[in-house]
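First comes the structure, then the notes that go with it.
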Amino acid sequence: MFSERLKAFEKKGLLRSIRDREPRHGALSHIHFNGERYINFASNDYLGLAASKHLTDAAADALVEFGFGAGASRLLSGGTRLHCELETAVASFKGTEAALLFNSGYTANMSVLPSISGEGDIIFSDELNHASLIDACRLSKAQKVIYRHADAAHLGELIENAEGKRKIVVSDTVFSMEGDVAPLKDIVAICKENDALLYVDDAHGTGVLGNGRGAMAHYCIRPEPWIIQMGTFSKALGSYGAFVAAGAGIIEWLINTARGLIFSTALPSCVIAASLKALRIVESGAHKQEFVAKLWRNRERLFDGLHALGLNTLRSETPIIPIVAGDVNKTMEISRALLDRRIYCPAIRPPTVTLPRLRVTVTAAHSESDIDTLLGVLKEMRL
Ligand SMILES: *Cc1c(COP(=O)(O)O)cnc(C)c1O
């Protein structure tokens, strides 16, 4: 029934497939497929925590203490004291009154936006927002207005014309395919002026920007009751799950209305224990040098090297670095050539992005020699 449609994907070079790595110990900066070892520039494990003993030990201890499955949703006592401890830790980490856990970043966005907006409201959304935010906007009954990517002036114009309605501005902090950062200072000022709620998705900012504290800390923006910060444990924090940090009133509203919280089983306690451990690491001064500072040193080394080769990295300001080097076929060809050299660096194609690109993510777990290997191979290719 779908085979004709799939054939059409294949013809355009747009067929996707799942690639499973083999179990090996060690950081995700190196992965194994078909018995071969590759340097991995495709993971969001920015701090190299995902496979670390810090997290596996914390999870193993909690597994013994609490068992595996949660058994029910949080509202039906599926959660444990660890869930509550993690929420308290997140609120203190983000400087908000309260926080609430969700089972994934996707679930958080899909649950929270429809819960805080509805008929008669208007959502203003950056044109390059993550797919989960786009889906969440579709699920909300609010009217949607798209503003040009990272263009606060455009947002300002559009929002002024929305007199009388309840307004919600929605943006990624770090854009996952571009690696640039939203102009949050300007966006916050516009929200304040126009009495709008702000919902930020800090999936790629948490653990990375603002000395690990996220995009709001990066810009020195103080939390406000009308700012809702979503973040994930699944990227820099190396675990799984997500959180929303906001004023106590909003969190209580979400507990009562967010369907992904109410109608879904809580995350296992061992996952929560790993998230808690990762958060403690990012908060601790001693570990910051080892993880956050190393991430940024690696990012600068790769970024400077790519620029020395004259490559186009769009507006990247973060460890997400796109490399634009031609059309879909050319980009696929480069990605395959890198794979032959044991470097995993996937091509990102339409419809995920309009402009095909290699998407490189560099992490604290890469060595200088990993980075130099990538730069050396790209140099040989004379792109
Ligand atoms: C990855 C990502 C999500 C989804 O988070 P998961 O925990 O993987 O479901 C949401 N928003 C952004 C911007 C992301 O990059």
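All ligand and atom numbering here is 1-based and tracks the order in the structure.
Because its NZ or CZ atom is not both nearer than 6.0 Å to the ring centre of Phe33 and within 45° of the ring axis, Arg21 does not count as a cation-pi partner of that residue.
Annotation: Ser234 places an N or O atom under 3.5 Å from an N or O atom of ligand 1; distance criterion only. Looking at Asp172 next to ligand 1, no N or O pair under 3.5 Å apart turns up.
To the nearest 0.5 Å, atom CG of residue Leu184 and atom CG of residue Leu209 are 9.5 Å apart.
Shortest contact from atom 2 (C) of ligand 1 to any protein heavy atom: Lys235 NZ, 2.3 Å.
Comment: Arg315 does not engage Glu178 in a salt bridge, judged by the lack of any side-chain N to carboxylate O separation of less than 4.0 angstrom.
Each of the following atoms of ligand 1 lies closer than 4.0 Å to a heavy atom of Asp201: 10 (C), 11 (N), 12 (C), 13 (C). Each of the atoms 5 (O), 7 (O) of ligand 1 lies under 4.0 Å from some heavy atom of Thr232. Taking every heavy atom of Tyr106 and a limit of under 4.0 angstrom, the matching atoms of ligand 1 come to 4 (C), 5 (O), 6 (P), 9 (O). Below 4.0 Å from some heavy atom of Gly105 lie the following atoms of ligand 1, by number and element: 4 (C), 5 (O), 6 (P), 7 (O), 9 (O).
Ring centroids of His204 and Phe175 are separated by 6.0 Å or more, keeping the two rings apart. The six-membered or imidazole ring of Tyr344 lies away from that of Phe41, with a centre-to-centre distance of 6.0 Å or more. Proximity of the aromatic rings of Phe233 and Phe243 is defined here by a centroid distance below 6.0 angstrom, and this criterion is met.
At least one heavy atom of Ser132 sits less than 4.0 Å from an atom of ligand 1.
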